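Order of the sequence lines fixes the chain letters, A, B, ..., with proteins taken first and strands second; residue numbering starts at 1 for each chain. Given the structure is predicted, the values throughout are model-derived calculations rather than measurements.
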Amino acid sequence: MVRTRFAPSPTGELHIGGVRTALFSWLAAKHAGGQFFIRLEDTDQRRYVPGSGRRILETFDWLGIELDGGPDHAMLRQMKTDEDYPGALEDGSYRGIPGPFVQSQRLPLYKQWAEWLIERGHAYRANETPEELDRMRKEAEARRETFLFREHMRLRTDIDPNQPHVIRMRVPREGVTRFHDLIKGDVAFENALVDEQVLLKADGYPTYHLAVVVDDHLQGVTHTIRADEWLPSTPKHLLLYQYFGWEPPLFAHVPNVRGEDGRKLSKRHGATSVFDLRDKGYIREAIINFLALLGWAPGGGDEQNVFTVEELIEKFSLDHVGSSPAVFSDDKLDWLNGVHIRRLPPDELARRLQPFVERDGIVLDTPEKQDRFRRAMPLIQERLKTLTEATPLIDFLFQDIPTPPKDALIGPKMEQHLSLYALREARRALESLPAFDDKPMEAAMRALCDELQLKPTQLFTIVRNAVTGKSVTPPLFGTIAILGREAALERLDRAIAALSH
RNA sequence: GCCCUCAUCGUCUAGCGGUCCAGGACGUGGCCCUUUCAAGGCCAAAACACGGGUUCGAGUCCCGUUGAGGGCACCA
């Protein structure tokens, strides 16, 4: 059974690169019919940002990525404050995966295994102060050497286990640690260049290196899929697996996502969290599709670009994840968003659009307005790249418009009197229309064009401006039908009046 | 400074020694469709970083150069 995990630290906003790594992990697991869970790595008390753990869970919730384990979603949603997040489910395990899923709640485990390593001679106690270590580093630098801690460098060896101290791992002075990375291929590191890492800090918290090994093993992780920057510390982890006598998981280090300037993605690059994108009107289907394509392609001659989540699960494979970093550029995201918006059922589009148009001041407080809103969906669906673009396309259906200026009511290559005449005739045609629907309306208007010897563009431009106050709208007659006869005639009357003098 | 990784159109990528004078998608330009705007259709411009090898043959393998990114914490 394949089991993967995403292990973020709750130290701030989760950006797109992290979400992509998580997405790859999730897809890899689901493709194999396996499990995916989240573990919060909150072992640095200083960097902890209240509420960020919760935000991370909400991100996955919103994306529709279901977890087979992790800090409880339901509990998170009920919390009133961002001050803290709850731990694992009560029994400490979920769907067969042992919890807790928050590292700060697993402290005794790390302590226990660190002591175990000392007993077997794979680790030792040390108590150099940060200042002392700093000095040692500076001295090494002065000698133009890379500073690596080694047991013999300890300033004191008579360490009282009951006094604050750290536990460091031993590293062989010779030999090479090799492994096969699922994405990078064969990689080798010389042990002599590996630091004797602190595993357990003086405050009793583990470092990442100990925690990730203990947890991934205890929680049955089969594929450790993580960001590129962990590649150089993998030898430490492999050494630990060896000391513990545990079989290591498969490793896959996914390349970074960079900004358009080629630098690592950060706040400077604008909208980089999933919630930023959501607020800019991107829908989850598009975000997932886009992220999947950032570094992955189906390969094998398959040139598909648009994917549903189900298709991604079916086709995703770690061996088609590229080994070079990708630049986050939202051109393709815009396009994919349009594609996925068009695939939404109209009622679903309406549901997702409502918060956006309400944010823009459109009030949909009556069943009648709700109905108009829903009826407008097919008209605007293929015109949206993001959900923020709907308002200017439909606002005139819900609120009154100012009377257009004269020049907007004069058709292209037309005189004022002809335009006025056309407007009056159009009004009469609409008034006498038996059924106020788009098809008969268009037929009547086209007949009017013939009668007046006008091009459709000429007549329709005048009517569009008169009825909507805009020169760009969704298809005219469908729009007018939704507006309704009464309002349409009233607006035409005002336009006629404006043009009359 | 030391270590590691990466390098195909502007961007995301296909390519796993010959079928590649390099394919697809976005974006860009043009044309068509058309009541505006979109959507859609068609066409076009656009790339194997550089230098050495290996091989009958290299985008594909090896080495080097250059460039980019990452790591070298009691941060993850």
Side-chain angles (χ1 to χ4, degrees), chain A residues 7-9 11 41-44 46-47 126-130 133-134 137 140-141 144-149 164-168 181 183-185 187-190 193-195 197-203 205-209 211-212 226-235 253 255-256 258 260 262-264 290 293-306 319-320 322-336 338-339 342 380-385 389 393 442 445-446 449 455-461 463-465 468 470-477:
Chain A
S9 59
T11 52
E41 309 221 322
D42 59 339
T43 54
D44 185 351
R46 287 172 329 208
R47 292 206 308 150
N127 68 357
E128 283 66 34
T129 65
L133 288 169
D134 217 44
R137 255 185 282 275
E141 198 182 327
R144 314 187 82 207
E145 285 171 12
T146 303
F147 178 71
L148 291 176
F149 197 91
H165 64 278
V166 303
I167 294 178
R168 286 181 182 271
D181 186 275
I183 293 171
K184 304 284 184 182
V187 191
F189 291 86
E190 285 196 50
L193 267 19
V194 176
D195 192 33
Q197 257 304 324
V198 169
L199 297 178
L200 202 69
K201 304 185 243 182
D203 63 4
Y205 280 71
T207 58
Y208 172 83
H209 308 284
V212 75
R226 70 217 319 188
D228 220 352
E229 63 254 31
W230 292 111
L231 192 62
S233 48
T234 307
H253 290 91
N256 283 119
R258 303 190 193 168
E260 308 236 22
R263 315 234 44 166
K264 195 177 161 185
F290 174 74
L293 254 24
L294 221 51
W296 173 84
D302 186 341
E303 287 172 337
Q304 184 173 353
N305 279 280
V306 179
D319 9 283
H320 281 103
S323 49
S324 50
V327 174
F328 178 92
S329 154
D330 52 17
D331 283 345
K332 202 166 196 167
L333 176 59
D334 281 344
W335 172 71
L336 278 171
V339 170
R342 272 171 252 135
I380 64 173
Q381 192 150 17
E382 70 186 29
R383 268 157 262 264
L384 300 176
K385 277 209 303 282
E389 294 169 346
L393 256 23
E442 178 167 359
M445 297 303 268
R446 286 192 186 276
C449 285
K455 291 204 167 76
T457 317
Q458 295 179 298
L459 209 218
F460 297 175
T461 298
V463 174
R464 170 176 288 111
N465 275 296
T468 69
K470 292 169 192 276
S471 54
V472 174
T473 68
L476 225 211
F477 306 112

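Counting only heavy atoms from C-beta on, Glu229(A) has its side chain closest to G71(B) among U5(B), U35(B), G71(B). Taking only side-chain atoms of Asn305(A), from C-beta outward, the nucleotide of A25(B), G70(B), A38(B) with the closest atom is A25(B). Residue Glu382(A) places its side chain closer to A38(B) than to any other of G15(B), C75(B), A38(B). The side chain of Ser323(A) approaches A7(B) more closely than any other nucleotide in the set A7(B), C4(B), A76(B). Minimum atom distance to the side chain of Leu133(A) is reached by C74(B), of the listed C74(B), G70(B), U36(B). Here the nucleotide nearest the side chain of Val327(A), chosen from A25(B), C12(B), U5(B), is C12(B). Listed nucleotides C37(B), A25(B), C72(B) differ in distance to Thr146(A); the shortest reach to its side chain belongs to C72(B). Comparing atom distances between the Asn256(A) side chain and each of C4(B), U36(B), G70(B) picks out G70(B) as nearest. Nearest to the side-chain atoms of Thr43(A) among the listed nucleotides A25(B), A76(B), C74(B) stands A76(B). Candidate nucleotides U35(B), A76(B), C12(B) were compared by shortest atom distance to the side chain of Arg47(A), and A76(B) ranks first.
Checking C72(B) for Watson-Crick or G-U wobble geometry (two distances, each under 3.5 Å) identifies G1(B) as its partner. Partner assigned to U34(B) is none, using Watson-Crick or G-U wobble distances below 3.5 angstrom. C9(B): no Watson-Crick or G-U partner with both key distances under 3.5 Å is found in any strand. Base pairing of G29(B) is made with C43(B), judged by Watson-Crick or G-U wobble geometry with both donor-acceptor distances under 3.5 Å. The base-pairing partner of U65(B), taking Watson-Crick or G-U wobble contacts with both distances under 3.5 Å, is A49(B). In this structure A58(B) sits in no base pair that meets the Watson-Crick or G-U test at under 3.5 Å.
Base contact: Ala202(A) has a heavy atom under 4.0 Å from a base atom. The residue Gly322(A) sits apart from the nucleic acid: no heavy atom pair falls under 4.0 Å. Here Gln381(A) lies out of heavy-atom contact (under 4.0 Å) with every strand. Residue Ser324(A) is in sugar-phosphate contact alone, with no base atom involved, counting any heavy-atom pair closer than 4.0 Å across all strands shown. Across all strands, Asp228(A) comes closer than 4.0 Å to no nucleic acid atom at all (heavy-atom distances). Residue contacts shown for Phe189(A) are limited to sugar-phosphate atoms, with no base heavy atom under 4.0 Å away. Note on Pro235(A): nothing from the nucleic acid sits closer than 4.0 angstrom, heavy atoms only.
Other residues, nucleotides and ligands place no more than 12 heavy atoms under 6.0 Å from the CD atom of Glu141(A).
Asp134(A) places no side-chain N or O within 3.5 Å of a backbone atom of Pro130(A) that could act as its donor or acceptor partner. A distance-only check finds a donor-acceptor pair linking the side chain of Asp181(A) to the backbone of His253(A) [under 3.5 Å]. At distances below 3.5 Å, at least one donor-acceptor pair connects side-chain atoms of Gln304(A) with backbone N or O atoms of Val306(A).
Phosphate proximity of A76(B) to Arg46(A): absent, as no side-chain N or O sits under 4.0 Å from OP1 or OP2. Taking 4.0 angstrom as the limit, Arg168(A) places a side-chain polar atom (N or O) nearer than this to OP1 or OP2 of C74(B). In terms of phosphate contacts, Lys385(A) brings no side-chain nitrogen or oxygen within less than 4.0 Å of OP1 or OP2 of A39(B). The side chain of Arg446(A) places an N or O atom within less than 4.0 Å of a non-bridging phosphate oxygen (OP1 or OP2) of U35(B). Side-chain N/O atoms of Arg137(A) include one lying less than 4.0 angstrom from OP1 or OP2 on A73(B).
Between the C1' atoms of C16(B) and U60(B), the separation comes to 7 Å (whole Å). Using atom P as the reference point in both A49(B) and A14(B), the two lie 14 Å apart (nearest Å). C4(B) and C12(B) are spaced 25 Å apart, taking the C1' atom of each and rounding to whole Å. U13(B) and A46(B) are spaced 15 Å apart, taking the C1' atom of each and rounding to whole Å. Distance check on atom P: C3(B) versus G64(B) gives 12 Å, rounded to whole Å. Atom name P, nucleotides C31(B) and A38(B): the rounded distance is 14 Å, in whole Å. Separating the C1' atom of A25(B) from that of C9(B) is a span of 12 Å, rounded to the nearest Å. Atom P of A47(B) sits at a distance of 29 Å from the matching atom of C63(B), rounded to the whole Å.
Rounded to a whole Å, the CZ atom of Phe147(A) is 14 Å from the P atom of C72(B). Going from atom NZ of Lys332(A) over to atom P of C26(B) covers 7 Å, rounded to whole Å. Atom P of nucleotide C4(B) and atom CG of Asp181(A) are separated by 15 Å, given to the nearest angstrom. The CG-P distance, from Asp319(A) to A14(B), rounds to 12 Å in whole Å. The distance from atom NZ of Lys455(A) to atom C1' of U36(B) is 16 Å, rounded to the nearest whole Å. As a whole-Å value, the separation of Asp42(A) CG from A76(B) P is 10 Å. Atom P of nucleotide C3(B) and atom CG of Asp195(A) are separated by 16 Å, given to the nearest angstrom. Atom pair Arg464(A):CZ and A38(B):C1' shows a separation of 12 Å (rounding to whole Å applied).
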Verdict with supporting geometry, Arg446(A) and Glu442(A), salt bridge (charged side-chain N to carboxylate O under 4.0 Å, His left out): CA-CA 6 Å; Arg446(A) 286 192 186 276; Glu442(A) 178 167 359; 2.9 Å; yes
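Partner of Phe290(A) under the ring-ring contact (aromatic ring centres under 6.0 Å, His included) criterion, chosen from Phe328(A), Trp335(A), Trp296(A): Phe328(A).
Nearest-nucleotide positions on RNA chain B for Arg342(A) and Glu303(A) put Glu303(A) closer to the 5' end. Projected onto RNA chain B by closest heavy-atom contact, Pro474(A) and Leu148(A) fall at different nucleotides, the more 5' of which corresponds to Pro474(A).
Counting heavy atoms from C-beta outward, Thr11(A) and Asp44(A) have side chains that stay 4.5 Å or more apart. Looking at heavy atoms from C-beta onward, Asn465(A) lies in side-chain contact with Ser471(A) at the 4.5 angstrom threshold.
Aromatic ring pairs are classed by plane angle as parallel below 30°, tilted from 30° to 60° and perpendicular above 60°; the pair Trp230(A) and His209(A) is perpendicular.
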